[in-house]
Every structure is written in C-alpha cells, then in structure tokens.
Chemist: 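Structure provided below as structure tokens; questions to follow.
Here is the naming used below: chain letters follow the sequence lines, and residue numbers restart at 1 for every chain. Being a predicted model, the structure only gives us computed values, none of them experimental.
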Amino acid sequence: MYQHLEIEQKWREKWSRDEVYKTKTDQSKPKYYILDMFPYPSGVGLHVGHPKGYIATDIFARFKMMQGFNVLHPMGFDAFGLPTENYAIKNKIQPQKATNDNIKTYKEQLSILGFCYDWDREVITTDPEYYRWTQWTFLQMFKKGLAYESNEPINWCPSCKTGLANEDLEDGHCERCGTLVIQKPLRQWVLRITDYAERLLDDLEKLPDWENSTKEMQRNWIGRSEGAEIDFALKGSEKKIKVFTTRVDTIFGCTYVVIAPENDLVLELKDSISNLTEVNEYIEENKNKTDLQRTDLNKEKTGVALKGIKAINPFNNEEVDVFIADYVLNSYGTGAVMAVPAHDERDFEFAHIYGLRIKAVIFPNKEAEFEGKYAFTDEGILLNSGDFTGLSSAAARKEMIAWMLKNNLGAKKVNYKIKDWVFSRQRYWGEPIPLIHCEKCGVVPVPEEELPLILPNVESYEPSDNGESPLAAISDWVNVKCPHCGDAAKRETNTMPQWAGSCWYYLRYIDPKNTKELVDKKLEKYWSPVDFYVGGAEHATRHLIYARFWHKFLFDIGAVNYEEPFTKLKHVGLIMGEDGRKMSKRWGNVINPDEIVKKYGADSLRVYEMFMGPFEQSCAWNTNGLVGARKFLDKVVVLGEIKEFQEVKEIKSKLHKTIKKVGEDITNFYFNTAVSSLMILVNDINEVKNKISALPLTAGDFGKFLQILSPFAPHLSEEMFEKMGHEKSIFASSWPIHDEKLIKDETVNLVIQINGKLRANLLVPFDISEVEVIELVKKNETLQKWLEGHEIIKTIFVPGKLLNIVLK
RNA sequence: GCCGCGGUGGCGGAACUGGUAGACGCGCUGGACUUAAAAUCCAGUUGUAGCGAUACAGUGCGGGUUCGAUUCCCGCCCGCGGCACCA
C-alpha cells in the first residue's frame with residue numbers, strides 16, 4: 001500500500017511549480033498537437049466517464065513528449081449555450097457567474113487526475129477576447145455573402161412562448177408543459193454551408209486517419225445525389241413544374257406529379273385550381289405540423305389533387321394529375337417530384353391509398369412480370385419506354401439526359417441533403433451577432449475595430465413573449481447610430497448558436513492572447529493542423545462538419561494554411577454505470593471521480609479506465625475492476641522497495657518486448673493491451689523475484705520500466721523515479737528504445753497439428769527446418785500414436801510457428 | 001427502413017496480415033498466514049466424460065471456401081449508435 005493522496009498532491013504541485021508541462025515555443029523540434037474536444041461546463045460536474053478520453057490523450061501527450069516532440073496539449077471550455085442559461089434562470093444567478101462557478105468545479109475535478117495540460121493556453125468561448133474573433137469570422141462570412149437572412153420555421157411552444165430544439169420535444173409536444181408545438185417562421189441568420197458541400201465531401205478523401213464509419217456518416221449527412229431537374233409543362237399554361245429525380249430511367253412509369261404543400265408554386269397556380277377550398281384546408285392543416293409529425297413513417301400518407309391542373313410528361317407527352325402531399329419535402333430538390341408508383345415505395349403507397357394508376361417500366365429481365373405487391377426499386381431493364389425500351393437503367397439514364405438536354409427540357413443536377421446552417425438563436429447566452437439594421441443602408445456590419453461586441457447585462461434572461469432574444473429589451477444597447485450613414489439604427493438581437501464557439505477553438509490554443517489577428521501566421525504554420533483529435537462519437541456529424549466548414553472558410557480568406565483542421569480523429573466510447581445504463585442522476589448510477597481519486601488514487605483510475613476495454617467501445621464501470629488496477633500499482637511499489645539487484649537475462653528480454661509493445665499500443669490507442677502487457681511483465685518479475693530474493697533487473701532497467709509505466713501512472717512513476725536518485729522529471733527523460741537483439745527468442749514453441757487439430761507442442765530452435773521437425777515428430781511417442789497406420793498426404797510448415805500433418 | 005459498429009467463459013475483455021481460442025483483470029473455489037476477519041501470497045477456474053494422462057464439443061444461428069476459420073464468403077438472428085418520406 002502506498003500513500004496515493006500524499007504522493008499525488010506532491011507531484012501536482014511540483015509539476016506546476018517547475019512548469020513541466022508548459023508548451024515549448026522553440027520551433028527547432030518537431031511538433032505534435034493533440035486535442036480533446038473541450039467540455040461543456042454544466043452544473044452537475046464530471047462523472048467518471050468524462051475523463052476517459054482525456055486520460056488517453058494525456059498518455060499520448062506524455063509519450064510524445066518523451067519521444068522528443070514539442071507537444072501542444074491544451075484544454076478549455078465551451079461555455080455558451082442553453083443549459084447554462086436555463087440553470088441561471090432557474091437558480092436566479094447570472095449566466096456568467098454560473099459559467100465561472102462551473103468552470104472552477106471542472107478545473108478542480110480535472111486537476112486531481114494529473115493531466116499535463118498547459119493551462120496558460122486555456123480557451124473559454126464566453127471570453128470576449130475569444131468571441132471577438134468568432135464575431136470577426138462571422139463578419140467575414142457576411143461580407144462574402146455567406147450569411148443571409150431568411151424566415152425559417154422553428155419549433156414554437158405557444159404556451160412557454162419559446163423556441164425549442166428537436167431534443168426538447170416529446171412526440172410533437174413541449175417537454176416542459178405538454179402543449180402541442182407548432183412551426184413558427186422566424187427571421188434567422190443562415191450560413192451557406194451548402195456552398196461548401198462538394199468540398200466537405202471530396203476532402204474526406206484527404207483524411208485517411210479518420211475512422212471510415214465517421215466519414216461514412218458525414219457522407220450520408222451531406223447526402224450528395226446526382227440526377228436531373230426535369231420540366232413538366234402545365235396544360236394550357238406557360239407555367240411548368242420542375243421536378244428532381246435520380247431515376248430518370250423510370251420516367252415512362254410516371255403517373256402523377258406531387259408538389260410539397262408549402263411550395264410557392266401552389267400559390268401561383270391558385271387561379272387554375274378548381275377545388276381551391278379543399279386545397280387550402282389541406283395546406284392549413286399541415287402548416288403547423290412539426291418535422292417530427294410529418295416524417296413519422298407509420299403515418300398514412302395524405303394529399304389532395306389539384307383539380308383543373310394537368311402536367312405533361314416531356315418524354316411521352318402523357319397528361320398526368322397533380323397533387324399536393326406532405327410526403328414531399330419543400331426543402332429538398334425542387335419541392336416537387338414525378339411520382340412513379342411502380343418503382344418508388346412512397347409513391348406506391350400513396351397511389352394505393354388514392355387508387356392511382358401504377359405503370360411498370362423497369363424489370364429485372366425481359367421476361368419478368370410486375371407483380372404489383374410492392375414497388376420494384378432496383379435497377380433493371382427498361383420496357384414500355386418508347387425509344388429507350390431495352391436499355392439498362394444506367395445506360396438509359398445517360399441517353400435520356402442527353403435527349404432531354406438536346407430538347408431543352410431540363411438540366412443535369414446534383415442535390416445535397418445538407419441544409420444551410422441556421423446560425424441564430426433568440427437567446428441571451430451566446431455571442432451577439434455583430435450587425436446593425438439601418439432603414440437606409442440595410443444590414444451594416446459593426447466596424448471591426450469595435451469588436452468584440454460585448455454581450456450586455458440584462459435584468460431578465462428569459463426570451464420575450466414574441467420569441468425575440470432578451471437583448472431586444474435593452475433599448476440603450478439596441479438603439480445605435482448606423483456606422484454607415486449615422487442615422488438611428490438598431491442592433492441585431494439574435495445571438496449565435498452554441499456550435500459557433502467550438503468551430504475554431506483549436507486555432508486559439510495556438511495563439512491564445514492575440515488581439516491583432518485571429519491567429520499569428522508563423523505560429524499557425526508551425527502548430528497546424530491538429531495532429532490528433534479525440535472526442536465523443538455524438539459529434540461525428542454536426543460539430544465536425546461545422547468546424548471543417550469554418551476552417552475551409554478561414555483557408556479561403558487566407559487566415560490558415562491547411563484545408564483540413566484535424567488530421568487524425570478517434571472517438572471515445574462511453575463508460576456506462578455499473579448497471580449497464582448510461583450514467584445519469586436519473587438512474588442513480590453516477591460514479592464521482594473525486595471520490596474514486598480520494599480512495600484509490602488518480603493513477604489507479606487512469607490505469608483502470610484504460611484497461612477496461614478497447615478505447616472506442618462503450619463499457620460498464622466496475623469498481624472491483626478498479627481495485628485490480630490499484631493492486632497492480634501496489635505490486636509495482638513493492639518491487640521499487642527492493643534494494644538487491646541481480647540481472648536475469650530472461651527478464652531483460654521480457655522488458656524489451658514490453659517496451660516495444662507498450663510503445664506500439666500507445667501509438668495505436670490500444671491502451672487496454674498496453675496495460676495488460678505491463679501487468680504481465682510485473683507478474684513475471686515477481687515470480688523470479690520470489691525465487692532469487694532480489695530484483696531480477698538492473699536499477700537502470702527498472703527505471704526503463706518506470707518510464708513506460710509513467711504515462712499511465714504519472715504520479716507514482718515520478719515518485720519512484722525520484723527515489724531512485726533521478727533529479728529531473730521522468731517526463732523530461734527520453735522514451736526507452738528496445739533492443740531488437742534482446743527480443744529475438746532462441747527457442748520457440750512449435751505447434752504440431754494433425755488434420756488441423758493440435759496434438760503436441762515442441763520446444764525447438766527458432767530457425768528449425770521442416771525436415772528437422774518431421775524427424776522430431778517421428779521420435780515423439782504421442783504423435784506416433786496418431787500417425788500409426790495412416791498415410792501422410794502432405795505437410796504444411798509455417799517456420800517458427802507450426803507443422804500440420806494431413807493424413808488420408 | 002437506411003447507414004455505421006458489434007455478438008468469444010460467471011463478468012470486462014485478449015488472439016499479429018487465416019495458424020495453440022479464452023492472455024490480462026474481476027469474480028468464484030481451495031490452501032497458506034491469522035485467535036478471527038480484512039489485506040497479502042500460492043493453486044485451480046469454457047463445458048462434458050474420466051482419479052488421471054487424455055478425449056470430444058466449443059467464439060450468436062445455418063451453410064460454404066481452406067490442410068487449418070473468432071478471423072474470409074453467402075444467408076439469417078440479436079444488441080448498440082446515428083439518420084430518418086432526401087425523390
């Protein structure tokens with residue numbers, strides 16, 4: 001047993017006093033930038049699952065330090081956002097105060113785990129000196145035309161008089177009061193992320209060190225699809241309906257056209273619609289539906305025919321009916337589709353309900369028949385398709401588009417699922433959007449020299465009844481002179497979403513105090529990009545897409561040198577409660593790290609969390625397992641107290657194998673097997689120690705063992721290293737290098753299989769030949785029993801591994 | 001429904017590019033030390049049969065490829081995460 005509290009405190013203080021982890025600023029050495037996704041400092045504090053990723057990056061950072069890199073390993077806080085605002089409203093304190101308190105708690109909780117962060121570089125998104133540059137970047141986007149105003153529907157609770165995130169809805173009702181949530185259009189600032197869709201997609205190819213699964217999720221999120229926009233003329237009218245399709249090959253099977261109810265086209269056509277009352281009723285009914293209600297797949301499809309309107313299929317001049325139906329989304333494509341019930345499931349379902357014609361034109365082969373039970377959505381061969389009959393789907397698409405272009409009936413088109421980014425919130429606790437509305441000059445940016453535009457204090461943090469931000473109520477803040485013409489004007493009162501601050505914090509760590517520019521070019525060139533980024537899988541799409549977009553914009557305006565901010569990315573798996581459920585107050589299964597550290601020490605917690613299982617996998621907490629990690633460290637302490645040293649060759653070889661293994665495993669983020677190999681080494685040392693009553697290593701070699709243990713258990717290793725007489729910190733020492741000669745085994749355990757089944761193990765020289773092995777087999781009695789009376793067909797020999805004898 | 005990940009002892013998990021399945025840890029059983037307990041140390045621990053050497057079965061299920069499959073292929077089942085009428 002060792003006194004973990006005393007040792008850990010001693011070293012935390014000493015490391016801090018000696019500035020052991022201060023980022024080195026000389027640029028002569030290679031750099032390594034390893035970054036954690038910074039936390040949101042909520043009121044409840046950390047549980048034992050939060051530090052898992054931080055422990056991993058801490059180990060990695062220390063490993064890189066010892067390998068001679070200048071390591072940048074910073075930490076900060078993503079502190080704007082709704083949870084703090086709600087917490088502040090509920091507890092009647094200022095959001096800024098709540099944030100400061102929470103950050104203080106977080107930092108205390110993090111500090112006792114012994115992380116090697118350079119706190120001089122701390123970044124807090126709510127710091128005006130930080131959000132000055134968040135606002136500055138927004139202004140650059142505004143100036144480039146990437147920010148625009150738009151009326152966007154938000155989830156609106158008429159009772160709470162507030163906008164709600166999708167998360168805050170329960171079955172289309174307000175989570176808090178149960179009122180039915182409606183869609184209310186509000187003026188919003190929106191960023192044209194869709195302009196970057198192609199690059200965001202293509203550049204994923206430049207990220208070989210990202211998990212394939214993450215890239216796939218991003219691809220799906222961006223959702224590129226290639227197709228065509230086709231004009232369906234309207235009978236007796238100049239107007240036409242533009243539809244988007246990826247399956248032009250099915251167009252001869254089109255039996256009607258559907259428009260989204262909120263599509264402006266419906267308004268334009270109203271004079272020709274004979275059942276306008278019915279149509280308006282349908283539109284009215286569906287207007288207030290939330291996305292969730294609309295997209296509930298269990299719901300039966302509904303729609304209304306636009307009587308009096310006929311569209312003409314340009315490929316065969318057939319007249320088809322036109323419907324409005326909410327299964328067509330106005331926000332995707334052209335907000336109108338050609339319906340091919342035979343070959344699209346949604347159209348098929350709709351056609352069934354309304355008894356519409358179903359015409360099959362794609363078949364798996366020429367002889368096949370359309371059964372009519374469900375839509376045939378595969379590719380196939382075209383029949384009943386005019387001049388295109390007989391072609392395969394792929395060939396038909398090519399030829400049909402060519403024909404369409406030639407006759408000027410439409411265009412090739414690429415569509416994306418990704419939508420422009422609604423970048424404003426009607427909330428208090430966010431970065432103010434630095435724009436001014438002037439009646440004469442329109443929207444005018446706040447002059448850059450006036451940044452940061454400070455978030456003013458207010459009496460009440462609640463949004464106003466009409467859904468405006470509480471900033472709108474501060475008249476002496478809102479009312480300003482137009483920077484352009486000097487007339488009376490009003491400030492924008494929307495604030496930025498929480499995502500904004502996390503889009504570029506990794507750049508601020510590089511140059512945390514800069515007041516002249518976003519980041520110094522030379523520093524950026526040296527430290528960028530982030531070599532390794534670690535955080536939760538829940539950020540695989542949104543945060544990581546927004547940050548990539550933001551970075552590409554900064555690249556375009558020349559603020560940064562690289563197009564992709566994060567070279568390598570890994571996701572950390574959750575730690576669940578002992579009951580297998582997510583750790584949460586609600587289940588009462590939260591384990592507090594402070595208590596664990598107090599009782600077992602930070603080093604035990606670190607070793608245990610890394611040993612639990614593969615880093616990216618989620619895993620249930622088990623305090624007994626933690627005790628196992630502590631026992632391992634206790635064994636190490638016992639070894640350190642031995643004063644007799646007697647080198648044993650076999651142990652030296654095992655040490656060098658472990659040096660190699662631990663280094664490789666840290667590099668690959670295989671911490672569980674790294675810890676395991678350290679445990680095995682300790683067990684081996686112990687076994688020999690008991691026999692010879694001395695430590696079977698030289699003091700120098702024991703020091704090497706402490707070095708490879710040190711990233712996992714920094715306090716204890718440092719303490720033992722010092723006790724051995726070292727004056728400098730173990731983290732200023734160089735990572736040991738294994739000796740290949742010592743790793744090579746002279747003899748190996750060779751497996752003898754007969755018909756693929758293990759029958760014997762032979763201890764043989766590592767370079768034994770097949771002939772020699774067969775000689776040994778013939779001399780071996782047990783093997784002979786198996787061979788007797790059988791003919792050997794062949795043998796398979798894997799040098800140094802196995803011999804398989806195949807019998808007839 | 002689609003996309004992604006996974007399924008190995010009582011439990012967490014290991015097994016390099018196809019080559020001894022169950023490393024390491026927890027738990028459990030037995031033993032040593034102790035008046036006793038805790039802690040510590042030693043031994044055992046996939047199942048079945050056997051005193052035992054050993055044999056057979058065994059990595060979600062059913063097939064296949066191979067001298068040999070946890071690993072590769074085909075068809076299913078189950079769990080987790082994400083997205084959701086994207087034309």
Chemist: Taking the basic N atoms (NZ, or NE/NH1/NH2) and the acidic carboxylate oxygens, is any pair closer than 4.0 Å for A/Lys301 and A/Glu349?
Modeler: yes
Chemist: If you count every heavy atom of other residues, nucleotides or ligands that lies below 6.0 Å from A/Lys215 atom NZ, does the total exceed 12?
Modeler: yes
Chemist: Where does B/G82 fall, syn or anti, if syn means a chi angle no more than 90° from 0?
Modeler: anti
Chemist: Between B/G13 and B/U46, how far apart are the C1' atoms? Round to whole Å, please.
Modeler: 15 Å
Chemist: Students often mix this up, so state it plainly: with edges at 30° and 60°, are the rings of A/Phe671 and A/Phe615 parallel, tilted or perpendicular?
Modeler: perpendicular
Chemist: For A/Glu318, look at atom CD and say whether over 12 heavy atoms of other residues, nucleotides or ligands are found less than 6.0 Å away.
Modeler: yes
Chemist: Give a yes/no answer on whether the side chain of A/Lys801 brings an N or O atom under 4.0 Å of OP1 or OP2 in B/G19.
Modeler: no
Chemist: Looking at B/C83, does its base get a donor-acceptor pair with the side chain of A/Lys417 below 3.5 Å?
Modeler: no
Chemist: So that I can tick it off, tell me whether A/Glu379 and A/Arg397 are bridged by a salt bridge, with the cut-off set at under 4.0 angstrom between side-chain N and carboxylate O.
Modeler: yes
Chemist: Do the ring planes of A/Phe350 and A/Tyr354 sit parallel (below 30°), tilted (30 to 60°) or perpendicular (above 60°)?
Modeler: tilted
Chemist: Looking at every strand, decide which applies to A/Val337 at a 4.0 Å heavy-atom threshold: base, sugar-phosphate, or nothing.
Modeler: base
Chemist: Using the C1' atom on both, measure B/U71 against B/G18 and round to a whole Å.
Modeler: 6 Å
Chemist: Looking only at atom C1', what distance separates B/C61 and B/C11, rounded to whole Å?
Modeler: 24 Å
Chemist: Roughly how far apart, to the nearest Å, are B/G10 and B/U45 at atom P?
Modeler: 15 Å
Chemist: Checking all strands, does A/Asn683 fall into the base, sugar-phosphate, or nothing category for heavy-atom contacts under 4.0 angstrom?
Modeler: sugar-phosphate
Chemist: Rounded off to whole Å, could you give me the CZ-to-C1' distance for the A/Arg219 and B/G82 pair?
Modeler: 16 Å
Chemist: Between A/Lys582 and A/Thr334, which has a closest nucleotide on RNA chain B that is more 5'?
Modeler: A/Lys582
Chemist: If the plane angle is over 60° it's perpendicular, under 30° parallel, otherwise tilted; pick one for A/Tyr546 and A/Trp421.
Modeler: parallel
Chemist: Rounded to whole Å, how long is the line connecting atom CG of A/Asn804 with atom P of B/G68?
Modeler: 8 Å
Chemist: Could you tell me the separation between the CG atom of A/Asn330 and the C1' atom of B/C85, rounded to a whole number of Å?
Modeler: 14 Å
Chemist: Of the options B/U20, B/A87, B/G19, whose atoms approach the side-chain atoms of A/Ile796 most closely?
Modeler: B/G19
Chemist: With rounding to the closest Å, how many angstrom separate the P atoms on B/G44 and B/U54?
Modeler: 15 Å
Chemist: Just to confirm, is there a sub-4.0 Å distance from OP1 or OP2 of B/A57 to any side-chain nitrogen or oxygen of A/Lys757?
Modeler: yes
Chemist: Send over the distance from A/Phe797 CZ to B/G19 P, rounded to a whole Å.
Modeler: 17 Å
Chemist: Once you apply a heavy-atom cut-off of 4.0 Å, does A/Lys635 come out as touching a base, just sugar-phosphate, or nothing?
Modeler: sugar-phosphate
Chemist: Set out, in order, the CA-CA distance, both residues' side-chain angles and the distance that settles salt bridge (Lys or Arg N to Asp or Glu O under 4.0 Å) for A/Glu664 and A/Lys660, then state yes or no.
Modeler: CA-CA 6 Å; A/Glu664 286 169 356; A/Lys660 180 168 188 240; 3.7 Å; yes
Chemist: Would you give a per-nucleotide map of nucleotides 2-14 of chain B, 5' to 3', where B means the base has a protein non-hydrogen atom under 4.0 Å away, S means only the sugar-phosphate does, and - means neither?
Modeler: -SS-------BSS
Chemist: Dot-bracket for RNA chain B, 5' to 3', counting Watson-Crick or G-U wobble pairs under 3.5 Å, with [ ] for crossing pairs and | for inter-strand pairs?
Modeler: (((((((..(((......[....)))((((((.......))))))((((....))))..(((((..]....))))))))))))....
Chemist: As a test of reading the structure: which of B/G19, B/A87, B/G25 is closest to the side chain of A/Val798, going by heavy atoms?
Modeler: B/G19
Chemist: Can any side-chain N or O of A/Asn263 pair as donor or acceptor with the backbone N or O of A/Leu265 at less than 3.5 Å?
Modeler: yes
Chemist: Between B/U59 and B/A21, how many Å separate the two C1' atoms, rounded to a whole number?
Modeler: 7 Å
Chemist: Using the C1' atom in both, what is the distance from B/A57 to B/C51, to the nearest Å?
Modeler: 22 Å
Chemist: OP1 or OP2 of B/C41 sitting under 4.0 Å from any side-chain N/O of A/Asn686?
Modeler: no
Chemist: Judged by each residue's nearest nucleotide on RNA chain B, which is more toward the 5′ side, A/Gly333 or A/Met679?
Modeler: A/Met679
Chemist: Find the distance A/Asp684:CG to B/A23:P and express it as a whole number of Å.
Modeler: 14 Å
Chemist: Look at the aromatic rings of A/Phe348 and A/His352 and report parallel, tilted or perpendicular, splitting at 30° and 60°.
Modeler: tilted
Chemist: How close or far is atom P of B/C24 from atom NZ of A/Lys631, stated in whole angstroms?
Modeler: 15 Å
Chemist: To the nearest angstrom, how far is A/Leu681 atom CG from B/C24 atom P?
Modeler: 13 Å
Chemist: Base, sugar-phosphate, or nothing for A/Trp786, non-hydrogen atoms under 4.0 angstrom?
Modeler: sugar-phosphate
Chemist: For A/Leu802, which contact category applies under a 4.0 Å heavy-atom criterion: base, sugar-phosphate, or nothing?
Modeler: base
Chemist: Expressed in whole Å, how much space separates the P atoms belonging to B/G68 and B/U48?
Modeler: 29 Å
Chemist: Does A/Glu226 pair with A/Arg224 as a salt bridge, N-O distance under 4.0 Å?
Modeler: yes
Chemist: With side-chain contact (heavy atoms from CB on, under 4.5 Å) as the test, would you mind laying out the steps for A/Met37 and A/Val534 before giving the verdict?
Modeler: CA-CA 6 Å; A/Met37 287 184 189; A/Val534 176; over 6 Å; no
Chemist: Between C1' on B/C16 and NZ on A/Lys661, what's the gap in Å once rounded to a whole number?
Modeler: 9 Å
Chemist: Quick one: is A/Arg759 getting a side-chain N or O under 4.0 Å of the B/U20 phosphate, OP1 or OP2?
Modeler: no
Chemist: For the side chain of A/Asn624 and the base of B/C26, is some donor closer than 3.5 Å to an acceptor across the two?
Modeler: no
